[in-house]
Every structure is written in structure tokens, then in C-alpha cells.
Amino acid sequence: MFGPYTRLTTVVITILTLGSSLVLAECTREGLLAAADSYLAAQTSGSIDDLKLSPNFTYQLNNKVADIKTGVLSQPLKIDLNRSTADTIACASYTMLISATGSQPYVISTQIRHEDNGTSSIALIDTIAATTGALFFDAQKTLGYIEKENWGTLDEEMRTSRDELKRVGDAYLDMWTDANAADSIPWGTDCERVEGSSLTRPCGATLPHGGSQKPNGNRRYVIDETMGSVDVLCSFNSLGDMPDSHEVRVEGGTVKYVHTVTVLQ
Ligand SMILES: *[C@@H]1O[C@H](CO)[C@@H](O)[C@H](O)[C@H]1NC(C)=O
Ligand SMILES: *[C@@H]1O[C@H](CO)[C@@H](O)[C@H](O)[C@H]1NC(C)=O
Ligand SMILES: *[C@@H]1O[C@H](CO)[C@@H](O)[C@H](O)[C@H]1NC(C)=O
């Protein structure tokens, strides 16, 4: 008597299960953040075995294609702080992590890009890894500043459009070559800039106004409107050729936080 219902229940459960795996296979916020968490787990253990990598996977370390088996991801790190954002349009995520209390300190900026052919597998892990010797490097100090920040999800009315977030990220990187770029950025009055471990508050003070002939190139973006954030990985060519990450958070239309991770080489 309960036979048909049991079968129906089975069918419904099967469809629901299928449904959720299909959702995960798309570039959803949940899927992207789950993949970012799998990256953090890999960095914690130093093992990439559980990462869902595409057959056509690339690992990039400090702007160069590298062997993932010898890169920093294959070295276990004690992670003291992590934070991720998700870009459902680009099918990518951005994670910053700080390892201050392990054997070798690191501040790491990683963008993860996924295949957008429905498999959601990881096509690219693109990492800027700063350690002792990097620009203004002091992981403990950076940790102290960044753990005090509030990176909560923004209410609707505090959000900024994707285009404007990208414009702000680009304007920031253009300040060294474009004399007008600094004044085109809506600086918040209580904005804070953490460059390596160097703190500047308010962050609109002491800005470059052009002077370099070399634009910062090779820009890769992860933009998250719900977090008001844009992260740009680039080759910081204006002052040399440095692997670099610049992340900006915009709250209610004005810049609240800027973080930079810059490797000297
Ligand atoms: C998705 O793209 C990757 C890289 O091009 C390819 O290796 C993989 O087979 C594709 N998967 C499907 C289901 O098309
Ligand atoms: C494989 O990866 C490389 C480097 O990321 C990319 O340029 C190329 O288009 C990819 N090939 C396919 C078939 O997706
Ligand atoms: C990342 O940070 C969250 C809290 O912000 C924490 O719950 C989680 O355990 C951290 N992950 C790792 C691998 O440290």
C-alpha cells in the first residue's frame, strides 16, 4: 500500500540530489566559496589530492607558471586568518590568507578560476605569495591590522556596481602613470590602507600622481558586489616588475579598505 509512495519519495530524493549537484557544478557563490575552502584545506595539509582540478589545470605562482608539487601550496601552512570573495560572473574566487605563527610566515593572495563548461573544475590557481623579504613584510603585524577589519556582507544600499568596482581597482593601479587617477577615486574619510604591514590612515593621504611611464599590466580581476570588493592581481610595472595583489573594499560608494601584497624580485 505504501509502495508507490516509497517509490515516489525515492524519485523525488534522486531529483533533489541531482539538482544540488547540478547547482554545485555552476558558478554559484556557494560553489565558488566551497572550492576556495578546498584550497584552504589543501594549503593547511600541503596536499592537493582533494582539489577538483581540470585536466587543463594551470598553477601560477608570483606571475609565473609553476609546478604545483613544488610550489607553496604543497607546503603545509598554519593558517591564522583567511577570507574569501566570489565572482559569479567570472566564475572565480579570491582568497587572502595569513600564516604568521608557523615555521615560515606567509601572506598569500590567490585567485581561483573555474572551467565555465559546467564541470566547475579548477582551471587556474593564481597565487601571489609574500614571505620574508617581500615589500614591508611582517605577517604578524599584517594579521593584527586585518583581523580588526569588518568584511561582513554589505546591505543592498551599501553596495557598488561591478563596473564601478572595476573602475576603482583600475584607477588605483593607474595612479602611478595617470596624474588624474588618484582624484577619481572616492576615498572614504575613515579609510585604511594596509600595504604589506605598513598602515596608512586615512588611506587617501600621500598618493602618487603619475610620474611613471610604465602602466601596471597583466591585470586579473575578482569582483564581488556583495562584499564591495575588487581584487586585482598584476605585474606592478610602474615601480619595477613585481608580482602584486591590490584589493579594495568600497562601502556605500567610498573606499574603506585597501590591501596590497607585493613580492620583490
Ligand atoms: C571542460 O573544459 C576542460 C578544459 O578545456 C576540458 O578538459 C574538459 O573536458 C571539459 N569538460 C566538459 C564536460 O566539457
Ligand atoms: C588550457 O589552459 C590554458 C592556460 O590557462 C589556456 O590558455 C587554454 O585556452 C586552455 N585550453 C582549453 C582547451 O581550455
Ligand atoms: C577560515 O576562516 C574561518 C572563519 O573566518 C574559519 O572558520 C575557518 O576554519 C578558516 N579556515 C582555515 C583553513 O583556517
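For ligands, and for the atoms within them, numbers begin at 1 and follow the listed sequence. What you are looking at is a predicted structure, and each value in this text was computed from that prediction instead of being measured.
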Show me which atoms of ligand 2 lie under 4.0 Å from any heavy atom of Thr58.
4 (C), 5 (O)
If you measure from the Lys or Arg side-chain nitrogens to the Asp or Glu carboxylate oxygens, is any gap between Asp224 and Arg29 under 4.0 Å?
yes
Taking NZ, NE, NH1 and NH2 as the nitrogens, is one of them in Glu164 or Arg162 under 4.0 Å from a carboxylate oxygen of the other?
no
Do Asn63 and Arg220 meet the criterion of a side-chain donor-acceptor pair at a distance under 3.5 Å?
yes
So, taking the atom named OG in Ser197 and the one named CD in Glu195, what distance separates them when rounded to the nearest 0.5 Å?
10.0 Å
Name the orientation class of the two ring planes belonging to Tyr172 and Trp176 (parallel below 30°, tilted from 30 to 60°, perpendicular beyond 60°).
tilted
Per-atom contacts of ligand 3 with Thr44, taking only distances under 4.0 Å to non-hydrogen atoms:
13 (C)
Which protein N or O atoms sit under 3.5 Å from any N or O of ligand 1? Give each pair with its distance.
from: ligand 1; atom 1: 2 (O); to: Asn117; atom 2: ND2; distance (Å): 2.3
from: ligand 1; atom 1: 11 (N); to: Asn117; atom 2: ND2; distance (Å): 3.1
from: ligand 1; atom 1: 14 (O); to: Asn117; atom 2: ND2; distance (Å): 3.3

Val72 versus Gln43: any side-chain heavy-atom pair under 4.5 Å?
yes
Look at the side-chain heavy atoms of Ile, Leu, Val, Met, Phe, Trp and Tyr, link any pair under 4.5 Å apart, and say whether Ile79 and Ile48 land in one connected group.
yes
